[in-house]
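Worksheet: one structure, shown below.
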Amino acid sequence: MPDSLPVDSVGVVTPQTYHFETPIELACGQALERYDLVVETYGELNGDRSNAVLICHALSGHHHAAGYHSMEDRKPGWWDTCIGPGKPVDTNRFFVVCLNNLGGCHGSTGPNSINPATGKLYGPDFPVITVGDWVKSQALLADRMGIECWAAVVGGSLGGMQALQWSLDYPDRLNHSVAVASSPRLTAQNIAFNEVARQAITTDREFHDGRYYDFDTVPRRGLMLARMVGHITYLSDASMGEKFGRELRDQAYKFGYGAEFQVESYLRYQGERFSESFDANTYLLMTRTLDYFDPAYECGGDLSKALAKARCEFLVLSFSTDWRFTPARSEEMVNAMIATRRKVSYAEIDAPWGHDAFLIPTPRYTAIFAAYMDRVAREVGA
Amino acid sequence: MRADLEIIQQWVKPGHHVLDLGCGDGTLLNFLQQERNASGFGLEINQEHITTCMNRGVSVIEQNLDTQGLDNFEDNSFDVVLMTQALQAVRRPDKVLDEMLRLGGEGIVTFPNFAHWRLRWGLALSGYMPESKSLPYKWYNTPNIRLCTFKDFEALCRQKNIRIKSRRVVDGQHQNSWLARFWPNLLGEIAIYRITRENSNDQ
């Protein structure tokens with residue numbers, strides 16, 4: 001954190017916890033008797049409660065999307081580049097809501113929360129949550145906050161899937177759905193990468209069938225490997241090449257198997273940091289949530305049939321070098337929307353950073369996002 | 001109001017579902033949405049135009065007709081397919097015309113007339129490729145790679161069994177020009193054609 005707050009920052013923010021005492025039925029057939037959702041908000045809700053924007057987080061995200069938790073914070077929230085005064089999601093005009101989803105490990109009820117039935121941590125007993133379950137819990141949160149209709153539901157990657165699901169499950173409760181670098185369903189390759197990540201975690205000797213809390217340990221190596229392989233899929237060959245090339249940490253080869261190349265040491269560092277801050281059971285859960293997402297499934301694989309329910313307008317954005325969720329996946333969504341005559345705009349943005357590009361403010365991305373959100377704001381008089 | 005918009009508007013019925021190929025900054029689609037309660041999409045590749053469309057509420061898809069085609073659109077999924085001042089900029093205008101009438105019952109096409117007297121005169125007199133307000137480019141950087149005359153276009157339509165339902169001729173400022181009615185291929189700068197399949201009985 002710099003000595004003073006940047007003028008386009010939402011500033012120092014404090015998360016709030018919402019307690020829910022009414023059971024929520026989940027797609028898996030189980031229910032959570034009670035649960036918490038940790039939420040951050042930025043900006044002011046207007047008089048007719050029409051300027052609220054829901055930000056949905058991706059695989060390893062959480063409720064802290066913008067601003068700083070304290071003046072000592074090194075880094076702002078994960079989407080601070082796009083949320084703040086004068087930024088695409090302009091907090092001078094919108095009331096922005098971001099929550100940690102159910103099953104998360106940043107304060108909302110998840111595998112590392114106490115199971116009221118046993119008085120112990122859920123661990124592997126925590127039910128597998130679907131994108132539909134998240135959207136349901138987000139709708140309950142909206143009820144609690146007095147938000148009848150979102151001006152927009154916005155998300156990147158797994159967050160974009162939630163934005164899409166919103167348009168199907170609560171068609172009258174959002175004006176716009178914005179899906180950035182997202183996909184209507186995972187490909188076999190996507191699921192394969194998730195499986196490698198899960199295997200890395202579950203075969204770690206410290207995993208203890210997910211009950212590692214009882215043994216006062218965490219499957220650190222497994223989580224680190226899972227993150228390393230995930231991280232590779234978030235970047236592009238070109239961006240890794242540009243950042244690291246074949247650069248060595250020392251001058252010469254050492255003829256051993258330590259982290260000699262810069263890229264190795266970078267991945268290890270990222271993996272290690274992640275393994276210290278993220279819960280392994282949550283990682284398993286979130287990857288499974290991704291695998292299961294397929295709104296077309298109930299309509300015989302025909303996404304346009306599923307989209308017939310939608311009423312909102314859509315903005316779909318993809319990035320040229322994203323090979324995790326390629327532009328073709330976004331175009332699949334767009335074509336289904338075209339076929340069923342939904343209002344949709346689409347652009348493929350040229351950016352070298354692979355999937356991560358949705359978090360990086362390139363001029364065209366920012367311009368499009370800002371132009372679209374400006375209209376969203378105008379429509380609700382914000 | 002621009003005369004071409006006025007003319008095109010008369011050919012779009014209220015509530016029509018339209019596709020605008022090369023929709024520019026969305027002026028036409030926006031106009032049809034407001035005046036005709038039309039729905040539909042614009043296709044565009046110019047980045048600034050795409051951003052403008054998104055800001056004004058015109059549904060725009062970034063898609064390149066030359067490299068991506070129109071395979072992602074279903075047969076007869078639109079009432080009208082529009083293409084204003086873009087036919088001369090695609091690699092295969094003949095194939096685009098086929099596609100237009102595959103996707104919609106009717107097509108509306110406008111393009112600059114390369115047989116306009118000023119262009120003929122310019123070429124004859126100077127010996128250089130002509131430039132005009134409708135065609136303000138050099139030969140080496142022009143996006144207009146398939147320039148044609150009204151006669152050329154009509155010959156292509158005949159060859160393809162495309163019926164021309166109406167033709168209106170305007171000047172470079174899109175104003176109705178009474179002169180152009182007498183000798184369109186010489187005096188008309190821009191033509192607005194309304195086309196359909198020969199066997200179509202749609203009125």
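Protein chains get the first letters and strands the later ones, always in sequence-line order, with residue 1 at the start of each.
The nearest pair of heavy atoms linking A:Ile338 to B:Phe41 is CA-CZ, 3.7 Å.
Of the listed residues A:Lys343, A:Glu331, A:Glu348, A:Arg341, the one with more heavy-atom pairs under 4.5 angstrom with chain B than any other is A:Arg341. For the set A:Asp374, A:Ile349, A:Val344, A:Ile368, the count of heavy-atom pairs under 4.5 angstrom toward chain B peaks at A:Val344. Residue with the most contacts toward chain A among B:Val60, B:Thr51, B:Leu19: B:Val60 (heavy-atom pairs, distance under 4.5 Å).
For B:Glu74, the part sitting under 4.5 Å from any heavy atom of chain A is the side chain, from C-beta outward, and nothing else. With a 4.5 Å cut-off on non-hydrogen atoms, B:Ser77 touches chain A through its backbone but not through its side chain. Heavy atoms of B:Ile50 lying under 4.5 Å from chain A belong exclusively to its side chain.
Between B:Asn55 and A:Tyr372 the shortest side-chain heavy-atom distance does not fall below 4.5 Å.
Atom-to-atom distance recorded for A:Arg342:CZ and B:Ser59:OG is 11.0 Å, nearest 0.5 angstrom. Atoms CD and OG, from B:Glu44 and A:Ser345 in turn, are 12.0 Å apart once rounded to the nearest 0.5 Å.
Shown here is B:Gln68, whose CD atom has more than 12 heavy atoms of other residues, nucleotides or ligands within 6.0 Å. Few gaps surround CG on B:Asn76; more than 12 heavy atoms of other groups in view lie less than 6.0 Å from it. Enclosure of atom NZ in A:Lys305 is not indicated, since only 12 or fewer non-hydrogen atoms of other residues, nucleotides or ligands lie within 6.0 angstrom.
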**OP:** I would like to know whether A:Arg375 and B:Met54 meet side chain to side chain contact (heavy atoms under 4.5 Å, CB included); could you show each step before the answer?
**Re:** CA-CA 8 Å; A:Arg375 176 164 71 89; B:Met54 289 179 180; over 6 Å; no

